[in-house]
Engineer: 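Have a look at this one before I ask anything.
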Number of protein chains: 2
Amino acid sequence: MARSALTREEVLEAASALVRRHGPTGLTMRGLAAELGTAVTSIYWHVGNRERLLDALVERTVQEMGAVRPAGRTPAERIVSVARTLRREIRARPHLIAMVHERGLTERMFLPAQRALVDEVHAAGLRGARAADAVRAVQFQIVGFLLVERNRERSPAQSPGEGELWDPGAAPGDPALARALARPADPERLFLLSVRALTEALLAGPDR
Amino acid sequence: MARSALTREEVLEAASALVRRHGPTGLTMRGLAAELGTAVTSIYWHVGNRERLLDALVERTVQEMGAVRPAGRTPAERIVSVARTLRREIRARPHLIAMVHERGLTERMFLPAQRALVDEVHAAGLRGARAADAVRAVQFQIVGFLLVERNRERSPAQSPGEGELWDPGAAPGDPALARALARPADPERLFLLSVRALTEALLAGPDR
DNA sequence: ACCTGAACACCGTTCAAGT
DNA sequence: ACCTGAACACCGTTCAAGT
């Protein structure tokens, strides 16, 4: 049957599906045209060129990640809940998030979360420049952890990896440490431990 | 004049120079051949294909980043010195480091630093699983911070950015916080603050 | 063992021409 | 306003043929 008029939205939706399935390299203008049943050149009329098409997909993703709903009874719990929600959402669209990273828009994507963090440090009694420092420290911690985690997940089997490097005897006098470092890191546990340690110190403050 | 026999090392050196100057997309097999004054296909004989050529460049970079020399009087100072050295080296070769990131080899690149951190937490009196947790928490912090920073540096002008979002009145009852968040973050200061807060809490421990 | 040119199967993009 | 096919200037890779 004859297709109805092509819309920009249709192009974006099909492109987004291709990226979710096969990553950005799996999105070719010719492949996208085939998917849509149109000529390659029609796509150019609607979205300009490939780079601007990718930009539009990234912009969409940033919008989608803007919803933040802290949960928990204490500020610390709510900070952790924000981080967990973000991690879950990010894992649902790894390719699109990678594109957000590549364009350096991770920070902007996290601005709604920053607002939530301000509420939490306020609830914890911090004000002014010290509150701002605490917010940013936690924000960098959350974003940084997500970036590290994504990095680890994409890692192929590494040699030498931690497992091989920390064989018994690598740490003279501390075999328990060698055993612990030979095991793979548990990101969830490590994250809780780190965020709690950091927030504890930040909320306690340097002058107490 | 007639060129001497092409070597793998020559190919890697020329490729590395192209990447340092123009990034990975600036490295084309045809362009590299032109640079070397050989046929495109000769390169394939020496390095297999483009992907394996990039892999070789990344491997080189990982080796180069393996040198870590902690400096300072206290464990905390030495931890910070390690982080600073790494940041400086990384900034000298942004494109190559980006490729290390993309291949998920950031962690492996940091293994020598991990060893140095073990020495420092030992010097601070920690042992066993708790020492391992502290090392990994600090390591994730350092790596995460570098990733965040790199992300920020690549960011184009963002709108809305923090500056616009935190105009006076965005944080009712805390104008000083709004002012602080409207200013761009000072990564060096924030890093020192964060690492110190984290290590302080980690070395003090949960049971003290 | 090392190098070569020709050929293949892809790309993204432009443009003049259609309706 | 929207769509089209043809053409251009690139890619990475393979392969048979050279020395």
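In what follows, chains are A, B, ... by sequence order, proteins preceding strands, each numbered from 1.
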Engineer: Would you list the atom pairs, donor with acceptor, under 3.5 Å between side chains in residues 19-32 of chain B and any protein atom, with sequence neighbours excluded?
Structural biologist:
residue: B:R20; atom: NH1; partner: B:S16; partner atom: OG; Å: 2.7
residue: B:T28; atom: OG1; partner: B:G31; partner atom: N; Å: 2.9

Engineer: Rounded to whole Å, please give me the gap between CG in B:L36 and P in C:dC3.
Structural biologist: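 The distance from CG of B:L36 to P of C:dC3 comes to 10 Å, rounded to the nearest Å.
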Engineer: Which nucleotides of nucleotides 14-19 of chain D have their base under 4.0 Å from a protein heavy atom (B), which only their sugar-phosphate (S), and which neither (-), written as one string 5' to 3'?
Structural biologist: BB----
Engineer: Name all pairs fulfilling the side-chain hydrogen bond (donor to acceptor under 3.5 Å, both in side chains) condition that reach into residues 168-183 of chain B, sequence neighbours left out, sorted by first residue then second.
Structural biologist: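 side-chain hydrogen bond (donor to acceptor under 3.5 Å, both in side chains) check on residues 168-183 of chain B returns A:H122-B:D174.
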Engineer: Starting at CE of B:M29 and ending at P of C:dA9, how long is that distance when rounded to a whole Å?
Structural biologist: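 Atom-to-atom, B:M29 to C:dA9, this comes out as 20 Å.
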Engineer: Identify the heavy atoms of A:P75 and A:E120 that sit nearest to each other, and give their distance.
Structural biologist: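 Smallest interatomic distance, heavy atoms only, reads CA-OE1, 3.4 Å.
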Engineer: Are the side chains of B:V11 and B:T38 in touch, meaning some heavy atoms are under 4.5 Å apart?
Structural biologist: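 B:V11 does not reach B:T38 side chain to side chain.
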Engineer: Do the non-hydrogen side-chain atoms of B:I97 and B:M109 ever get within less than 4.5 Å of each other?
Structural biologist: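 Sidechains of B:M109 and B:I97: in contact.
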Engineer: When you measure from the side chain of B:R50, which nucleotide among D:dT13, D:dT4, C:dC3 comes out closest?
Structural biologist: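 For the B:R50 side chain, the nearest candidate turns out to be D:dT13.
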Engineer: Would you say the side chain of A:I43 lies within less than 4.5 Å of the side chain of A:R50, judging by non-hydrogen atoms?
Structural biologist: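 Side chain of A:R50 against side chain of A:I43, heavy atoms only: no contact under 4.5 Å found.
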Engineer: Locate the shortest heavy-atom distance separating A:G173 from A:P175; write the atom from each residue and the value.
Structural biologist: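 Reported closest heavy-atom pair: C-CD, 3.6 Å.
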Engineer: Report the relative orientation of the aromatic rings in B:F191 and B:F145; use parallel for angles under 30°, tilted for 30 to 60°, perpendicular for over 60°.
Structural biologist: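 Aromatic pair B:F191/B:F145 classed perpendicular.
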Engineer: Where the side chain of A:L6 is defined as all heavy atoms beyond and including C-beta, which of D:dT13, C:dG5, D:dC3 is the nearest nucleotide?
Structural biologist: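 Between D:dT13, C:dG5, D:dC3, the one nearest the side chain of A:L6 would be D:dC3.
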Engineer: Let's see if you get this right: which residues in residues 12-27 of chain B place a heavy atom under 4.0 Å from DNA chain C?
Structural biologist: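 None - not one residue of the stretch has a heavy atom sitting under 4.0 Å from the strand.
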Engineer: Quickly work out the B:H46 NE2 to C:dC2 C1' distance and round it to whole Å.
Structural biologist: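 Going from NE2 in B:H46 over to C1' in C:dC2 covers 7 Å.
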Engineer: Without decimals, in angstroms, what is the distance between B:I43 CD1 and D:dC11 C1'?
Structural biologist: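 Rounded to the whole Å, the gap is 14 Å.
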Engineer: Which of the following nucleotides, C:dC3, C:dG12, D:dC3, is nearest to the side chain of A:W45?
Structural biologist: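 That would be D:dC3.
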Engineer: Stems involving DNA chain C: give each as a range paired with a range, ordered by first number, where a stem means at least three consecutive Watson-Crick or G-U wobble pairs under 3.5 Å.
Structural biologist: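 The stems that DNA chain C takes part in, listed by first number, are C:4-8 with D:12-16, C:12-16 with D:4-8.
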Engineer: Does OP1 or OP2 of D:dC2 have a side-chain N or O of A:S42 closer than 4.0 Å?
Structural biologist: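 Looking at the OP1 and OP2 atoms of D:dC2, neither is under 4.0 Å from any side-chain N or O of A:S42.
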Engineer: Which whole-number value in Å describes the distance from A:L53 CG to C:dG12 C1'?
Structural biologist: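 These atoms are roughly 12 Å apart.
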Engineer: Quick one, B:W166 and A:V118 - any side-chain contact, counting heavy atoms below 4.5 Å?
Structural biologist: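 Side chain of B:W166 against side chain of A:V118, heavy atoms only: contact under 4.5 Å found.
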Engineer: Do you know the tightest heavy-atom contact between B:G72 and B:R78?
Structural biologist: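 Heavy-atom minimum between the residues: O-NH1, 3.0 Å.
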Engineer: Specify the separation, in whole Å, of atom CZ of A:R30 and atom P of D:dG5.
Structural biologist: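 It is 12 Å, rounded to the nearest whole Å.
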Engineer: Could you give the side-chain donor-acceptor pairs of residues 58-66 of chain B under 3.5 Å, partners two or more places apart or in another chain?
Structural biologist:
residue: B:E59; atom: OE1; partner: B:R108; partner atom: NH2; Å: 3.2
residue: B:E59; atom: OE2; partner: B:Q63; partner atom: NE2; Å: 2.9
residue: B:E59; atom: OE2; partner: B:R108; partner atom: NH2; Å: 2.7
residue: B:R60; atom: NH1; partner: B:E13; partner atom: OE1; Å: 3.2
residue: B:R60; atom: NH2; partner: B:E9; partner atom: OE2; Å: 2.6
residue: B:R60; atom: NH2; partner: B:E13; partner atom: OE1; Å: 3.4
residue: B:T61; atom: OG1; partner: B:L57; partner atom: O; Å: 3.0
residue: B:E64; atom: OE1; partner: B:R93; partner atom: NE; Å: 3.2
residue: B:E64; atom: OE1; partner: B:R93; partner atom: NH2; Å: 3.4

